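To start, the structure under review is shown below, and the notes come after it.
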Amino acid sequence: MDKRKIRVAITHGDTNGVGYEAILKAFGDPTMTELCTPIVYGSPKAAAYHAKALNIEIPFTVINDISEAKDDQVNMLNCFGDADIKIELGQPTSESGQAALQALDRAIEDYKKGAFDVLVTAPVCRSTIRGFQGHANYLERMLGSSEKAISILTNDNVRVALVTNNLAIRDIPETLTKQIIVEKGRLFHEALRRDLRISTPRIAVLSLNPRCGEDGALGEEEKETIAPAIEELEKQGIQAFGPYAADSYFGLGYYEHFDGTLAMYHDQGTTPFKTLAPEDGIRFTAGLPLVRTAPAHDPHFDLAGQNKLDANPMRHAIYMAIDAFRNRNNYDAPLRSPLPKLYHEKRDESEKARFRSKEQPKKQAPADAKETPAE
């Protein structure tokens, strides 16, 4: 991999939330531009509004096209031209949701051109964006890749992946199949190895029902779906264990003995994760060609414009995107350029005989030896 700085695209998220505060504070530290070349997809006017409300200086250099981005500065790519965006701090609106989506679409368009390396997204409010089920689902669809995405919540101590995400509880049992558990388990295993540098991951798989279904009294999914999926993962060489009841698994600290936890649905994974990692949690979308991370919090409309947000989750999201990109490249490098076979492995039997006759004459067989028929 070359020594150039990694280009990090950052979308501004919901313009009525804390996205700009997180970005402004994260890049208030000048050392951030030593780590990467940041390109913020957003609106200079919206950024100025937030900076004034927060009494924070703007560290951005405005550009109108990705080709103008330069190292050693925080590039603000204007996605809106001269258009104004109505800012209503603390209020989720259709306009603020549309502004978030417009910046994301522009970033995806530039990624398809190879213009940047990784994507970090500020929080959005799904209810203000029609048909939007989350960044992972949207990126999977818009990139048009055959690869599937998996959502992972992570920090230095806890890693939780979600089999289903952003589904109504009533829809989970029908959606949860052996196939999707195996697929997500395989994606999680690959992400742990390739992006997070864990050579032999141990993955715990949670149950769906309380007390693991209690032998069918509380549900059959553990017997009929989850246990067979774990067996299939084991057959594929993946160290998968379970199913475990979520309450005792997290409550008794069993998660500390595993490299990752595969949760069946959103709240089963996010609730304990946010309890265990309240300050530096990161959302990581793995499985796609594009590395995407985000701070693991919502737009915090209740904090918008009050200068109370901790920007560490945004900083850690940027750090992780950079690390995952490097790890992935280092992991893939030997596969892109395998060592050529040695000469003696490629030549045929006649070449071996010719070489041997020149260097070391073949011993004569004893006169009374019987010939062995060729096999």
Side-chain angles (χ1 to χ4, degrees), residues 1 136 140 145-165 175-208 212-213 220-246 248-250 253-265 268-269 273 282-293 320 323-342 345:
M1 183 179 171
E140 186 180 280
S145 172
S146 60
E147 287 90 346
K148 298 296 183 180
I150 184 168
S151 294
I152 303 172
L153 296 162
T154 180
N155 73 350
D156 290 338
N157 302 312
V158 192
R159 304 174 195 91
V160 180
L162 306 176
V163 174
T164 64
N165 193 16
T175 305
L176 204 64
T177 63
K178 173 186 172 182
Q179 180 181 352
I180 193 172
I181 295 172
V182 170
E183 178 183 274
K184 296 295 184 179
R186 192 167 55 242
L187 286 171
F188 192 22
H189 176 261
E190 183 71 4
L192 290 170
R193 292 179 61 197
R194 187 174 176 226
D195 300 329
L196 303 181
R197 297 186 66 181
I198 300 172
S199 59
T200 310
R202 290 166 50 87
I203 298 173
V205 182
L206 300 184
S207 65
L208 174 65
C212 292
E220 299 287 348
E221 285 82 3
E222 285 68 29
K223 288 183 177 181
E224 297 178 357
T225 305
I226 301 176
I230 293 172
E231 292 176 6
E232 178 60 30
L233 288 169
E234 290 173 345
K235 289 178 183 178
Q236 296 183 20
I238 295 171
Q239 294 194 48
F241 305 87
Y244 296 99
S248 56
Y249 176 81
F250 287 108
Y254 296 158
Y255 68 90
E256 296 177 352
H257 301 285
F258 297 92
D259 300 299
T261 305
L262 191 62
M264 295 298 107
Y265 58 93
Q268 186 186 55
F273 177 82
I282 302 163
R283 295 184 187 275
F284 174 35
T285 300
L288 299 177
L290 171 62
V291 170
R292 174 258 173 176
T293 64
M320 183 174 182
D323 288 343
F325 180 78
R326 286 174 174 157
N327 291 341
R328 184 177 290 188
N329 273 276
N330 290 335
Y331 184 91
D332 292 347
L335 305 178
R336 287 194 296 266
S337 303
L339 291 172
K341 288 186 177 181
L342 296 176
E345 293 176 325

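Numbering starts at 1 and runs along the sequence shown. Note that this is a predicted model, so its numbers are computed, not measured.
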For the atom pair [atom1] ([X]) and [atom2] ([Y]), what is the distance rounded to the nearest 0.5 Å?
X      : Y      : atom1 : atom2 : result
Phe188 : Asp259 : CZ    : CG    : 8.5 Å
Ile150 : Leu162 : CD1   : CG    : 7.5 Å
Leu262 : Lys184 : CG    : NZ    : 9.5 Å
Tyr254 : Tyr249 : OH    : OH    : 11.0 Å
Leu192 : His189 : CG    : NE2   : 7.5 Å

Output yes when a side-chain donor or acceptor of Glu140 lies under 3.5 Å from a complementary backbone atom of Ala149, and no otherwise.
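Answer holds: yes.
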All side-chain hydrogen bond (donor to acceptor under 3.5 Å, both in side chains) counterparts of [X], not counting sequence neighbours:
X      : value
Glu221 : Asn209
Tyr244 : none
Asn165 : Ser151

Of the non-hydrogen atoms in Cys212 and Ala245, which two are nearest, and what is the gap between them?
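Smallest interatomic distance, heavy atoms only, reads SG-N, 3.4 Å.
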Give the minimum heavy-atom separation between Gly287 and Leu187, together with the two atoms involved.
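Of all heavy-atom pairs spanning Gly287 and Leu187, the closest is CA-CD2, 4.3 Å.
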Which pairs of donor and acceptor atoms, one on a side chain in residues 193-200, lie under 3.5 Å apart (sequence neighbours left out)?
from, atom 1, to, atom 2, distance (Å)
Arg193, NH2, Tyr331, OH, 3.2
Arg194, NE, Asp332, OD1, 3.0
Arg194, NE, Asp332, OD2, 3.2
Arg194, NH2, Asp332, OD2, 2.5
Asp195, OD1, Arg328, NE, 2.8
Asp195, OD1, Arg328, NH2, 3.3
Asp195, OD2, Arg328, NH2, 3.0

Any residue meeting side chain to side chain contact (heavy atoms under 4.5 Å, CB included) with Gln268, in chain and number order, not counting sequence neighbours
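Result, side chain to side chain contact (heavy atoms under 4.5 Å, CB included) vs Gln268: Leu206, Ala246, Ala263, Met264, Tyr265.
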Between Val291 and Phe284, is any pair of side-chain heavy atoms under 4.5 Å apart?
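In contact.
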Report yes if some heavy atom in the side chain of Leu153 is under 4.5 Å from a heavy atom in the side chain of Arg283; otherwise report no.
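Yes - at least one pair of side-chain heavy atoms lies under 4.5 Å apart.
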Output every pair passing side-chain hydrogen bond (donor to acceptor under 3.5 Å, both in side chains) with a member in residues 152-164, not counting sequence neighbours, ordered by first then second residue.
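The answer is Asn155-Asp280.
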Would the number of heavy atoms belonging to other residues, nucleotides or ligands and lying under 6.0 Å from CD of Gln179 be above 12?
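Not more than 12 within 6.0 Å, no.
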Result block: side-chain N/O donor-acceptor pairs under 3.5 angstrom for residues 223-241, not counting sequence neighbours:
from, atom 1, to, atom 2, distance (Å)
Glu232, OE2, Gln236, NE2, 3.0
Gln236, OE1, Arg186, NH1, 3.3

